[in-house]
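The analysis underlying the following values was restricted to heavy atoms, covering all of them including side chains, and did not include hydrogens, waters or symmetry mates. Ligands are counted one by one from 1 in listed order, and the atoms in each one are counted from 1 as well. Numbering of residues begins at 1 and proceeds along the displayed sequence. All values reported here derive from a predicted model rather than from experimental measurement.
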Amino acid sequence: MKVDVILGLQWGDEGKGKVVDVFTPKYDIIARFQGGPNAGHTLEFNGQKHVLHTIPSGIFHSDTKNLIGNGVIIDPFIFRKEIEKLLASGIDPKANLYISKKAHLILPTHRLLDAVYEKVKGNDKIGSTLKGIGPAYTDKVSRCGLRVGDLTSQNFEQKYQLQKQNHFQIVKQYDFDLSAFQIDNQTFEEYEKAWFQSLETLISMKLVDSEHFINEALKSGESVLAEGAQGTMLDIDFGSYPFVTSSNTIVSGVCSGLGIAPQKIGKVFGVFKAYCTRVGNGPFPTELFDSIGADLQKYGHEFGSTTGRPRRCGWLDLPALKYAIMLNGVTDLVITKADVMDQFETISVCHQYNYRNQKIDYFPYEINDQELQAIYTHFQGWKKNIAGASSLKELPKPFLEYISYIEHQVEVPVSIVSVGPDRTQTIFRFE
Ligand code: GDP
Ligand code: IMO
Ligand code: MG
């Protein structure tokens, strides 16, 4: 069997969680391969909304196993809160949840360091979710991180204290008021205590050698869907560096984040919004500062699922999308949230950039908003409510023409059309 992949092609929040949930009945295992609780994946069904941060989006289907892979980083405190929320909504995740012993832990001091680094960057700050992502991945690469498998070792406390002291040494170098620092409305000491109390929940889960778990499953004919977090334009290597996250969000992350060989990758479903959003700082060529941008934010409820911050909004960016498709070898596209533009008179799509007085159709190395202008193709809006459509023939012609234009430009089929946040609001074009 092969591993199919669902990942984001823009700056995150494309609707990956919803799409994974819709696909879950077709798969035996859903596996997260990178990122951590900077992710917020929203699922809606039966009139209820659920937001997941670390746990894979297959968790609501009782027949599916869910794996948190070695490439993911886990904050035990946030993880416990997620488990408690699921229990409160009547789901017992324990039976179907497997966690890699090789996944790294986010320590309280990683969150402290995130806050310190962002503060010292001043106006150049990344706009991190402040979940400790950068510092935790830094420790992993520096070979001094703590892993889930360490939780059961005799000297865990000792290893923890050593790392904590190292982190405090770093903080001392900066002008940072520790006494005023809070994490989730708690002092550092209160948070650290709650963090330690949360370890029990993590230890009580099924901790596995995930690379063997997944390869044996594939060998025995089980199907696997890998769930990406963030988006391609936030990838540590290929995103709009340094305004990126600290992991490989692209398809190569599936291999390193789960222990899967490249030839085992099957279909790659690339999810993109019919427009663009970005939360946090960094270049955004098609960003809108007018009433259209405000309408996208309002009708699209564009506020971060993890931080609640307003998302910046703009038109669809085809050069960036083409770049993302190339990096991921996308086989099928999934378009989401076109319904947000149902009442728009005109819909624009950027097909090229004007960059240093030259027309280009690729995402340049360096983006400085003054030097780059988006060039648009304009479409007449469909002015119909597509959110209620349940089949292809119910979709308005101008909307289908708009999809055909995108397909023609990027040379990959749009196989799935999401017309609303609910599980049921999904149209498969080729089934
Ligand atoms: P993710 O991080 O990629 O999983 O996306 P988020 O959950 O952060 O953000 C996507 C938001 O759009 C969520 O609130 C979803 O419920 C919602 N959503 C997903 N697909 C659609 C769609 O087709 N139409 C509308 N209107 N909302 C959608
Ligand atoms: P999902 O999986 C949108 C952004 C942050 C910031 C940058 C770095 O829900 O799509 P980090 O906390 O990783 O140091 O932040 O990346 N970011 C996301 N934006 N969706 C996400 O995840 C994101 N995860 C991180 O806003 O700009
Ligand atoms: Mg999200």
Asker: Indicate, as side chain, backbone, both or neither, the part of V271 found under 4.0 angstrom from ligand 1 when only non-hydrogen atoms are considered.
Answerer: neither
Asker: Closest by any non-hydrogen atom to atom 8 (C) of ligand 2: pick that one out of V271, V244, N38.
Answerer: V244
Asker: If you measure from each non-hydrogen atom of R311 to ligand 1, which part falls under 4.0 Å: side chain, backbone, both or neither?
Answerer: side chain
Asker: When you compare ligand 2 with D13, is there at least one nitrogen or oxygen pair between them that comes in under 3.5 angstrom?
Answerer: yes
Asker: Give a yes or no on whether the ring-centroid distance for F60 and F45 is below 6.0 angstrom.
Answerer: yes
Asker: Classify the angle between the aromatic ring planes of Y98 and F213 as parallel (below 30°), tilted (30 to 60°) or perpendicular (above 60°).
Answerer: tilted
Asker: How about Y160 and W195: are their ring centres within less than 6.0 Å of each other?
Answerer: yes
Asker: Look only at interatomic distance and state if K16 has a nitrogen or oxygen under 3.5 Å from any nitrogen or oxygen of ligand 1.
Answerer: yes
Asker: Is ligand 2 less than 4.0 angstrom away from at least one heavy atom of T277?
Answerer: no
Asker: Have a look at ligand 2 and work out which part of T129, if any, has a heavy atom under 4.0 Å from it: side chain, backbone, both or neither.
Answerer: both
Asker: For R278, which part has a heavy atom under 4.0 Å from ligand 2: side chain, backbone, both, or neither?
Answerer: neither
Asker: Can you label the angle between the F23 ring and the F269 ring as parallel, tilted or perpendicular, going by 30° and 60°?
Answerer: perpendicular
Asker: Would a line drawn from the ring center of W382 to the ring center of F344 be shorter than 6.0 Å?
Answerer: no
Asker: Where on D339 is there a heavy atom closer than 4.0 Å to ligand 1, on the side chain, on the backbone, on both, or on neither?
Answerer: side chain
Asker: So which of G17, A229, G40, S57 gets nearest to atom 2 (O) of ligand 1, if we judge by its closest heavy atom?
Answerer: G40
Asker: If you have a sec, work out which protein heavy atom is nearest atom 23 (O) of ligand 1 and how many Å separate them, to one decimal?
Answerer: S418 OG, 2.5 Å
Asker: Is any N, O or S atom of G40 under 2.8 Å away from the Mg ion (ligand 3)?
Answerer: yes
Asker: Is the F168-F188 ring centre distance short of 6.0 angstrom?
Answerer: yes
